[in-house]
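Working notes for the structure below.
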2 protein chains.
Amino acid sequence: MSATNTGVPPTERDPSGHPEDCPVREVLDRVGDKWSVLIIVMLGRRTHRYSELDRAIEGISQRMLTLTLRALVRDGLVERTVHASVPPRVDYALTELGRTLLEPLTALDHWANRHRDDIRAARERHDRQQG
Amino acid sequence: MSATNTGVPPTERDPSGHPEDCPVREVLDRVGDKWSVLIIVMLGRRTHRYSELDRAIEGISQRMLTLTLRALVRDGLVERTVHASVPPRVDYALTELGRTLLEPLTALDHWANRHRDDIRAARERHDRQQG
DNA sequence: CGGAATCCTGCGAGATACTG
DNA sequence: CAGTATCTCGCAGGATTCCG
């Protein structure tokens with residue numbers, strides 16, 4: 001992956017112009033919501049149970065935690081394991097597929113860390129010129 | 001970039017548990033919306049003028065095109081150039097910073113292409129078991 | 001403990017019409 | 001051509017309550 005990619009077409013599958021079924025967007029539609037990435041990142045560290053995620057992610061509602069987990073399970077990114085015990089215990093972990101997603105997300109994470117100051121600077125510069 | 005990253009912590013900056021200011025999320029908050037990536041991808045190919053983007057992206061409203069472009073310019077990802085001619089002409093191009101973002105987005109794109117079938121399969125499998 | 005079922009709300013975003 | 005300005009509505013997502 002070259003560092004200087006001037007004119008590298010990110011998607012080759014639509015030379016006609018309008019990338020309607022653009023694969024990047026397809027992922028972002030699934031994972032670009034408010035909580036999915038956060039959960040994936042958490043599960044990337046280790047397996048968590050429901051209540052752990054609930055407490056760790058702070059700000060998420062039970063509703064959204066459930067819905068997001070369900071969607072991730074449905075897409076085969078997360079695996080749900082119910083332990084038949086009392087009190088009940090449910091573990092969530094990344095699947096093999098989910099772990100492969102961690103890689104490009106890490107790339108994005110690195111970009112964010114490297115350039116967050118650039119963005120802040122650009123934003124301030126822009127805002128100072130014309131509120 | 002290793003292919004097998006079992007247990008690689010995607011973000012090292014928050015061992016305490018709750019990644020509230022998670023940098024990945026910060027990027028996704030900016031670029032995970034409906035149109036930003038599409039525009040970035042288009043501008044990654046070449047410079048476009050306003051009306052070209054309007055036609056190419058198909059489905060976007062003038063309102064959203066304007067708003068999205070404005071946000072991208074503000075964050076220093078896109079550069080706006082007004083040519084003093086009549087009729088007026090405005091060109092949009094990626095900045096150097098914007099071009100660096102193309103790289104991790106490409107990584108995500110590759111992931112999408114490699115695994116879109118896996119996701120579809122997992123989804124169908126899941127839906128067939130319990131509609 | 002791990003959810004499911006409702007109710008309610010803000011705002012993301014489309015449609016349409018107008019302007020320098 | 002390259003945008004504003006409104007008006008509108010759907011639905012993502014929060015709060016709350018109940019269930020096995």
Side-chain angles (χ1 to χ4, degrees), chain A residues 17-18 20 22 25-40 42-43 47-75 78-93 126 130-131, chain B residues 18 20 22 25-40 42-43 47-75 78-93 126 129-131:
Chain A
H18 43 289
E20 267 322 282
C22 175
R25 274 245 42 86
E26 209 170 308
V27 195
L28 289 177
D29 282 342
R30 260 292 24 258
V31 128
D33 65 280
K34 200 172 177 183
W35 304 109
S36 289
V37 169
L38 240 36
I39 292 179
I40 291 175
M42 291 298 297
L43 297 184
T47 295
H48 284 72
R49 50 192 300 190
Y50 184 89
S51 50
E52 285 177 332
L53 290 173
D54 198 13
R55 265 175 283 110
I57 296 196
E58 182 184 20
I60 196 171
S61 60
Q62 288 196 342
R63 173 190 152 84
M64 284 320 291
L65 180 56
T66 301
L67 288 181
T68 308
L69 281 172
R70 205 162 23 201
L72 292 173
V73 168
R74 187 170 108 102
D75 290 348
V78 165
E79 184 181 22
R80 190 184 116 117
T81 315
V82 183
H83 296 89
S85 62
V86 45
R89 175 204 181 90
V90 181
D91 280 346
Y92 290 93
H126 186 264
Q130 34 182 315
Chain B
H18 42 289
E20 267 321 283
C22 175
R25 274 245 41 85
E26 209 170 307
V27 195
L28 288 178
D29 281 341
R30 259 294 22 260
V31 127
D33 65 279
K34 201 172 178 184
W35 303 109
S36 289
V37 169
L38 240 36
I39 292 179
I40 291 175
M42 290 299 297
L43 297 185
T47 295
H48 284 71
R49 50 193 300 188
Y50 183 89
S51 50
E52 286 177 331
L53 290 172
D54 197 13
R55 265 175 282 110
I57 295 195
E58 182 182 22
I60 197 172
S61 61
Q62 289 196 337
R63 172 191 151 85
M64 285 318 292
L65 180 54
T66 301
L67 287 181
T68 308
L69 282 172
R70 228 199 318 239
L72 293 173
V73 168
R74 186 170 109 101
D75 290 348
V78 165
E79 184 181 23
R80 189 184 117 118
T81 316
V82 184
H83 296 90
S85 64
V86 45
R89 175 202 182 93
V90 180
D91 281 345
Y92 290 94
H126 186 264
Q129 280 187 333
Q130 32 182 317

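Just so we're on the same page: letters track the sequence lines, and every chain starts at 1. Basis for what follows: all heavy atoms, side chains included, without hydrogens, waters or symmetry-related copies.
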For this session: May I have the step-by-step check of side-chain contact (heavy atoms from CB on, under 4.5 Å) for A/Lys34 and B/Leu28, ending in yes or no?
Result: CA-CA 9 Å; A/Lys34 200 172 177 183; B/Leu28 288 178; over 6 Å; no
Exercise. So what does A/Arg49 touch, heavy atoms closer than 4.0 Å: a base, only the sugar-phosphate, or nothing?
Worked result: sugar-phosphate
For this session: Would you sort out whether A/Val90 and A/Arg49 count as a side-chain contact (heavy atoms from CB on, under 4.5 Å), showing the intermediate values?
Result: CA-CA 6 Å; A/Val90 181; A/Arg49 50 192 300 190; 5.9 Å; no
Exercise. Choosing from C/dG3, C/dT6, C/dA13, which nucleotide comes nearest the side chain of B/Arg63?
Worked result: C/dA13
Seminar exercise, completed: By nearest-nucleotide position on DNA chain D, the 5'-leaning member of A/Gln62 and B/Leu69 is B/Leu69
Problem set entry | Interatomic distance, B/Arg63 atom CZ to B/Leu65 atom CG [nearest 0.5 angstrom] | 12.0 Å
Exercise. Under 4.0 angstrom, heavy atoms only, what part of the nucleic acid is A/Arg89 near: base, sugar-phosphate, or nothing?
Worked result: sugar-phosphate
Exercise. If you check the A/Val90 side chain, which of C/dG2, C/dG14, C/dC1 turns out closest?
Worked result: C/dG2
Exercise. Can you check the B/Met64 CE to C/dG12 P distance for me, whole Å?
Worked result: 9 Å
For this session: To the nearest Å, give me how far apart CD (A/Glu52) and P (C/dC1) are.
Result: 12 Å
Exercise. Is there a side-chain polar atom (N or O) of A/Tyr50 under 4.0 Å from OP1 or OP2 of C/dA4?
Worked result: no
Seminar exercise, completed: Result for 5'-nearest mapping on DNA chain C, choosing between A/Arg70 and B/Ile60, is A/Arg70
For this session: Under 4.0 Å from any heavy atom of chain A: name the first and the last nucleotide of DNA chain D that qualifies, 5' to 3'.
Result: D/dG13 to D/dA15
